[in-house]
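Below: the structure, in structure tokens.
All values reported here derive from a predicted model rather than from experimental measurement.
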Amino acid sequence: IGTSLLTGCDPRQMMYFLQPFSPTIPAPGPSLKGKKVVVLTHATAGTQAEFPGIDRDLARQFVNNLKKVKKITLVEPEKVATWLDGHPQWTDPSDAARDFEADVVIFLEIEEFQTRAPGDLNVLQGTGKIHIQAFELKYPTNSKGKEITDQPKESVQIYDDYQETTFPIRGPIPMDSGVGQAAFKNRLLQVVASECSWHFVEHAQEDMVQDVRFNQR
């Protein structure tokens, strides 16, 4: 039964034909249009140990999703990875924005990323919890609200929220369904990255229908 549910028609296509004119859902976060943006990611020690490179994998997929924003300039994740290697003790995300001469830095902190429910080794059930923060570098203003451009830009927090993800929403997948753990982890990461990007990118209602098809091997 598990395998049959994971193959066949993409339910998102069915949703599209049922609701071809469904409105898009606006992003709750600040507009990034016309901005240069750098994305930083960090995972807890336990998560990083279990899923090596999970922070940089999330950064790549998240940045790719942000490319849907018109007139946005994104710092390539590879350049950010090099910056991180050179600044292992960084604590202020705005430092990256200054070094890359970016307007906005988005910081994704992976607080939870699991492919199995604790204590249950017989099913795959993905969860993720990401702390999403955004900071913008702005010139200070005078009493009349006019920018003081001869002074250094200051870091201002413009967004602070959490994204909690469950995959699949309909329930866990039995381990004997034929879905490999690596394939499941990659799909979970895609869902987490997409849902995080929706904080800054509008999306269609049908995008919320999770794709649970896997390449069976």
Side-chain angles (χ1 to χ4, degrees), residues 1-29 39 41 43-44 46-48 50-51 53-55 57-69 106 108-133 159-217:
I1 297 177
T3 303
S4 65
L5 291 174
L6 302 176
T7 59
C9 296
D10 185 343
R12 294 175 300 175
Q13 296 177 351
M14 297 173 61
M15 179 69 75
Y16 175 80
F17 288 111
L18 290 173
Q19 299 180 345
F21 303 110
S22 58
T24 56
I25 300 174
V39 176
T41 52
T44 60
T47 299
Q48 192 75 277
E50 185 174 0
F51 302 101
I54 187 70
D55 51 345
D57 291 340
L58 176 61
R60 281 191 292 270
Q61 297 200 33
F62 179 79
V63 167
N64 190 56
N65 291 334
L66 286 190
K67 292 178 180 178
K68 298 175 184 178
V69 177
I106 297 175
L108 305 178
E109 187 167 18
I110 307 172
E111 295 189 358
E112 178 183 328
F113 188 90
Q114 296 180 336
T115 57
R116 297 185 185 184
D120 194 338
L121 303 180
N122 298 316
V123 297
L124 293 168
Q125 176 70 69
T127 57
K129 183 178 181 180
I130 313 297
H131 188 189
I132 305 173
Q133 300 178 78
Y159 195 65
D160 188 352
D161 202 357
Y162 281 87
Q163 176 58 51
E164 297 191 42
T165 297
T166 298
F167 174 79
I169 294 177
R170 70 184 185 197
I173 297 174
M175 287 292 292
D176 60 2
S177 64
V179 177
Q181 292 190 54
F184 183 85
K185 172 254 183 180
N186 290 337
R187 182 58 52 78
L188 171 61
L189 186 63
Q190 291 172 4
V191 173
V192 169
S194 293
E195 294 188 356
C196 285
S197 71
W198 294 344
H199 287 252
F200 304 96
V201 183
E202 66 177 15
H203 64 283
Q205 183 72 35
E206 60 264 23
D207 290 339
M208 299 179 69
V209 180
Q210 295 179 350
D211 183 359
V212 292
R213 295 173 304 163
F214 295 83
N215 293 326
Q216 303 298 314
R217 294 181 180 179

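In this structure, a donor-acceptor pair under 3.5 Å is absent between the side chains of Thr115 and Gln181.
Side-chain atoms of Thr41 and Phe62, non-hydrogen and from C-beta on, never get closer than 4.5 Å to each other. When side chains are defined from C-beta on, Ile110 does not count as touching Thr44, because their heavy atoms never get closer than 4.5 Å. Under the 4.5 Å side-chain criterion, counting only non-hydrogen atoms from C-beta, Gln125 is in contact with Thr166. Counting only heavy atoms from C-beta outward, the side chains of Glu202 and Lys68 never approach each other to under 4.5 Å.
Of the possible polar contacts, none joining the Glu164 side chain to the Ile130 backbone as a donor-acceptor pair under 3.5 Å is found. Formation of a donor-acceptor pair under 3.5 Å by the Asn186 side chain with backbone atoms of Ala182 is found in this model. Between the Gln48 side chain and the Gly53 main chain, a donor and an acceptor come within less than 3.5 Å of each other.
Distance check, rounded to the nearest 0.5 Å: CD1 of Ile173 to CG of Leu124 gives 6.0 Å.
Taking Asp161 as the reference, Tyr159, His199 meet the side chain to side chain contact (heavy atoms under 4.5 Å, CB included) condition, with sequence neighbours excluded. Take Phe113 and apply the ring-ring contact (aromatic ring centres under 6.0 Å, His included) test, not counting sequence neighbours, and it matches Phe51.
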Quiz: residues 191-198 side-chain donor-acceptor pairs under 3.5 angstrom, not counting sequence neighbours:
from	atom 1	to	atom 2	distance (Å)
Ser194	OG	Gln190	O	3.1
Glu195	OE1	Gln163	NE2	3.0
Glu195	OE1	Thr165	OG1	2.7
Ser197	OG	Ser194	O	2.6
Trp198	NE1	Ser194	O	3.4

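Taking the six-membered ring where the residue is Trp, His131 and Tyr162 present parallel rings, their angle staying beneath 30° rather than reaching 60°.
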